[in-house]
2 protein chains.
Amino acid sequence: MKGSYSIGDLARETGVKATTIRWYESEGLMPAPSRTPGGQRAYGRAHLERLGFIRHARELGFAMPTIRSLLDLAAEPERDCAAAHAAATEQMAAIDAKLRQLKALRAELARLAKACAGGRVSDCLIIETLADHRHGHCADKNHGR
Amino acid sequence: MKGSYSIGDLARETGVKATTIRWYESEGLMPAPSRTPGGQRAYGRAHLERLGFIRHARELGFAMPTIRSLLDLAAEPERDCAAAHAAATEQMAAIDAKLRQLKALRAELARLAKACAGGRVSDCLIIETLADHRHGHCADKNHGR
DNA sequence: CTTGAACCTCCAGCCGCTAGAGGTTGCATA
DNA sequence: TATGCAACCTCTAGCGGCTGGAGGTTCAAG
């Protein structure tokens, strides 16, 4: 009922590490809270909620600039939520692209793993395939980031 | 037929950027090539093949330490390829995990996007869901990396 | 001989944190 | 009240896997 949380309290409540919370503050995602006389951060309920918002958005895979605009949006209830809808749709498209790419990788890996049942490296299809410079440029280049 | 490639030649042949090739060299993944009298890198066919190997492995999503060991393995044809098989299997498992996680995210995003058909922010399910601190800790925490 | 594209080195930055060093504060217990 | 120790503070550097730029040099074609 005291309405004040230490950074550790926030961390426990939201599952976001204290170091990460400080980092969010330094990046301007979280507002700087008031301090105790000794200089330790003292948060209020609003901070707790904002941090929860950020965490949920991160869990959905939103990038930080997107989260910034979602936070801005949430602060103005009168505005149209089209931007939020667009962000969700874009994020979905990005995930779809990644899913397609990962599925292709998985299939290729399964093929390789199946074709190599042990034995000497010189007979190993995995190594052979990797080493084959005639192997096509078939895979998506934009993965991994 | 001259058997010598500039870094740009290698880049064209493999689709790996010249800067990246230099970076591979600095990391020890590519051996330092000989140089022209003027100091420019002069590669041979072995370099071309090694770079192709690295690229294929990257396309399959292998991490660089794994690629290092695969390269070592490829250099010793008498050894058993079990390690290569294990690497492929592990990589597959990692991809499976990521696929599961992305599918869950996608489903959640689809739900949100569908439930918000425009209108004011104060009625927007997307914003509302993000802001709801009672929202579960359901999503996998280890995504994004 | 003159262009200008390709090459060189070195350094900084991307994202989203994470960890560690080295020091200070806050709270519970004796 | 003293003490101990967990939690806090700031600052800095590092992760992976590159990428881009500044500022200068070399190479090959015309």
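Below, chain A is the first sequence line, B the second, and so on; all start at residue 1. What you see below is based on every heavy atom in this structure, not just the backbone, and it leaves out hydrogens, waters and symmetry mates.
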(request) Whole angstrom is fine here: how far is it from CG in B:D9 over to P in D:dT26? (result) 19 Å

(message) Can you see if the side chain of B:Y24 gets near the phosphate of D:dC18 - specifically, an N or O under 4.0 Å from OP1 or OP2?
(response) yes

(request) Report the distance from atom CD1 of B:I21 to atom P of D:dT19, rounded to the nearest whole Å. (result) 11 Å

(request) Kindly say if B:R41 contacts the phosphate of C:dC8, meaning a side-chain N or O under 4.0 Å from OP1 or OP2. (result) yes

(request) Select from A:A63 and B:Q40 the residue whose nearest nucleotide in DNA chain C is closer to the 5' end of that strand. (result) B:Q40

(message) Rounding to an integer number of Å, can you tell me how far A:E25 CD sits from C:dC17 P?
(response) 15 Å

(message) Between B:R45 and B:E49, does any side-chain N to carboxylate O distance fall below 4.0 Å?
(response) no

(message) Please confirm whether the shortest side-chain N or O distance from A:S6 to OP1 or OP2 of D:dA7 is below 4.0 Å.
(response) no

(request) Could you tell me the separation between the CG atom of B:L29 and the P atom of D:dG16, rounded to a whole number of Å? (result) 12 Å

(request) Check the distance between D:dG17's C1' and B:M30's CE and give it to me in whole angstrom. (result) 16 Å

(request) Take atom NZ of A:K17 and atom P of C:dC17, then tell me their distance rounded to the nearest Å. (result) 11 Å

(message) Looking at every heavy atom in both A:G52 and A:T14, which two are closest together, and how far apart are they?
(response) N-CG2, 4.4 Å

(message) Output the rounded distance in Å from CH2 (A:W23) to C1' (D:dT12).
(response) 16 Å

(message) Check the phosphate of C:dT9 against B:R22, side-chain N and O only, distance under 4.0 Å to OP1 or OP2. Yes or no?
(response) no

(message) Taking the basic N atoms (NZ, or NE/NH1/NH2) and the acidic carboxylate oxygens, is any pair closer than 4.0 Å for A:E25 and A:R22?
(response) no

(request) Take atom CZ of A:R35 and atom C1' of C:dT25, then tell me their distance rounded to the nearest Å. (result) 12 Å

(message) Which is more 5' along DNA chain D, the nucleotide nearest B:F62 or the one nearest B:T36? Just name the residue.
(response) B:F62

(request) Answer yes or no: is there a side-chain heavy-atom contact under 4.5 Å between A:R35 and A:R41? (result) yes

(request) On DNA chain C, check which nucleotide each of A:T20 and A:G38 is closest to and give me the residue with the more 5' one. (result) A:T20

(message) Can you confirm whether A:L60 sits close enough to A:H56 that some side-chain heavy atom of one is under 4.5 Å from a side-chain heavy atom of the other?
(response) no

(message) Nearest to the A:M64 side chain among C:dT18, C:dG16, D:dT19, which nucleotide is it?
(response) C:dG16

